[in-house]
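Contents: one structure, followed by commentary.
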Amino acid sequence: MGNVLLHLEEGERLDINCTQLLNNELVLLGAEEGLYSMSLEKPGRSSPRALPGIDRAFQLDIISDLNLLIMIAGKDRQLCSVELKQIMSRARQTNSVVPLNPLASQAIEKITNCHLFAVGQCEGNYYICAATPNSILLLRYNAGIGTFCTRKEIETSEPCNCIHFNNSHVIYGTGKFYTLDIKQHTVKEFLDSKDPSLAFAVFGASQLNIFPIAVLDVTSRGSNSEEFLLCFNEFGVFVNSAGRHSRQKPLMWSRLPLAFAYSEPFLFVTHFNSIDVCEIPLSNAENPSRYAHKFLEIRNPRVLGPAVSSGAVYLASTLQEQVEMLCFQGTSALASVFQFQPEDDDDNMSIISELSRLSSPSRRSSPALARSPSWSPGTAKVKSLREGSLKKSSSFRTVMPLREENM
């Protein structure tokens, strides 16, 4: 199911947070121990090499046109940048005996305690949207001074869980999904409250402690219309760029989701000790709401980032004092599924029915219902952010077929 790219034990063990491809031969590893580079030419036989100057690395992204690596790094979780040529020159150094010079990072607007960011482009300008426990900041690149400058800051009552740029807006999730107009800096709710098929998500979700976790661009290749999958802790809904539903049926999670990733055409959903691989049909398919699922048992899964191959992601698996990094192929996971059983609509859609009832006009003004759900990553994340230390979702290992479902 997954090719082992890296296996570390005991003293060599790294607590890997994320990955970022430099090219088809080199990948960066962001870890609690710092920033590392690793060759992909000899899977399973290459060792990561530390790039000095970065104490801890939590998230990485590249803006090639600006020759910049953007990251959240250091004990203060600072948003910063490093020239890409610095990274490349050190990552290509094959002589492990020769010491590497420390990387010189540049702080971006002195933003600290940052737990999430995304990069995007609008009308030729590059932007960063960064999240702290109490705010969301929109920054634009100023070529004159060679750095990003704050254009808009929005206070939030809850920490932001996800951010995504489309052509003209930033879509982000706190207690609800919102859009921020990049040019006008106006904010509004993303889901269309006038779409009756989304009433359960617009009005009912807030009454049952249902909250956003991820927003994913699932636009079909060759399509002229954008499509997004909005992932809540109980279900996922497909919508267009106007926030109106684009598919008849939502996606349901049969287990508590921790994190989501999408590599066309596969959705990867991590749980405590398993991963759900779901093939998303094309939007113009005969039955675009027939979702093929495969559950695989994996120890402490953590999605690190997209892989070189289409439909694949890099995953970390930790077990006691061992850690493995895998290239996980969605096609391989689903290849072992020989037959799908029809889903039990009455069972899987019960939460939707309850939400629809709560979202009826007569109930919308009622006080929020007290719900005592099982522990959710959202509530724990909010608590840890308020206390100043962000707890990560769990991290991946032995891949075993567990259960098949058709939803």
Side-chain angles (χ1 to χ4, degrees), residues 17-23 27-30 35 54 57-74 77-88 103 105-132 135-154 159-174 177-183 185 187 190 214-219 226 228 241 259-264 303-307 313-314:
N17 293 315
C18 59
T19 58
Q20 174 62 52
L21 288 168
L22 290 173
N23 50 42
V27 64
L28 292 176
L29 311 180
L35 184 65
I54 305 298
F58 301 95
Q59 185 182 348
L60 308 169
D61 206 343
I62 286 176
I63 306 178
S64 299
D65 290 346
L66 301 182
N67 187 40
L68 290 176
L69 172 71
I70 310 298
M71 59 182 163
I72 299 173
R77 302 186 68 94
Q78 185 174 66
L79 184 66
C80 59
S81 65
V82 177
E83 288 184 347
L84 199 53
K85 63 181 182 182
Q86 287 190 53
I87 300 287
M88 294 301 297
L103 295 168
S105 62
Q106 179 182 3
I108 299 176
E109 290 287 78
K110 298 181 179 179
I111 296 173
T112 58
N113 204 17
C114 180
H115 64 271
L116 179 67
F117 74 87
V119 299
Q121 190 176 17
C122 179
E123 297 184 351
N125 294 306
Y126 281 97
Y127 291 85
I128 295 175
C129 186
T132 68
S135 67
I136 293 172
L137 300 99
L138 180 67
L139 305 99
R140 188 176 71 185
Y141 186 72
N142 186 326
I145 58 177
T147 190
F148 285 86
C149 301
T150 302
R151 303 291 295 175
K152 177 70 174 181
E153 182 172 2
I154 303 167
C160 177
N161 289 329
C162 52
I163 306 172
H164 178 77
F165 277 87
N166 70 356
N167 294 330
S168 59
H169 292 78
V170 179
I171 304 170
Y172 65 91
T174 53
F177 281 103
Y178 297 91
T179 60
L180 166 63
D181 188 295
I182 295 175
K183 293 177 64 179
H185 300 162
V187 176
F190 182 40
V215 51
L216 304 169
D217 188 340
V218 294
T219 305
E226 289 183 307
F228 303 99
S241 58
F260 298 82
Y262 180 74
S263 182
E264 189 178 7
V303 176
L304 302 176
V313 293
Y314 292 138

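Nothing fancy with the numbering, it's 1 onward along the sequence.
Here the side chains of Leu68 and Leu84 are not in contact, with every heavy-atom distance at 4.5 Å or above. Between Leu28 and Thr19, every side-chain heavy-atom pair lies at or beyond the 4.5 Å cut-off. At a threshold of 4.5 Å between non-hydrogen side-chain atoms, the residues Leu79 and Lys110 do not count as touching. By the 4.5 Å heavy-atom criterion applied to side chains, Phe117 and Ile72 are counted as neighbours. Side-chain contact between Tyr141 and Val119: absent, with no pair of heavy atoms (C-beta onward) separated by less than 4.5 Å.
A side-chain donor-acceptor contact under 3.5 Å links Tyr126 and Asp65.
The main-chain N or O of Leu138 is never found under 3.5 Å from a side-chain atom of Arg151 such that the two would form a donor-acceptor pair. Judged by distance alone, the side chain of Gln78 and the main-chain N or O of Ala107 form no donor-acceptor pair under 3.5 Å. With hydrogens and angles disregarded, a donor-acceptor distance shorter than 3.5 Å links the side chain of Glu109 to the backbone of Thr150. Side-chain N or O atoms of His185 include one that pairs as donor or acceptor with a backbone N or O of Ile182 at under 3.5 Å. Put simply, the side chain of Asn113 never gets that close to the backbone of Arg77: no donor and acceptor are under 3.5 Å apart.
Tyr178 has its ring centre no less than 6.0 Å from the ring centre of Phe190. A centroid separation of less than 6.0 Å is found between the aromatic rings of His164 and Phe228.
The OH atom of Tyr314 sits 5.0 Å away from atom CG of Leu21, with the distance rounded to the nearest 0.5 Å.
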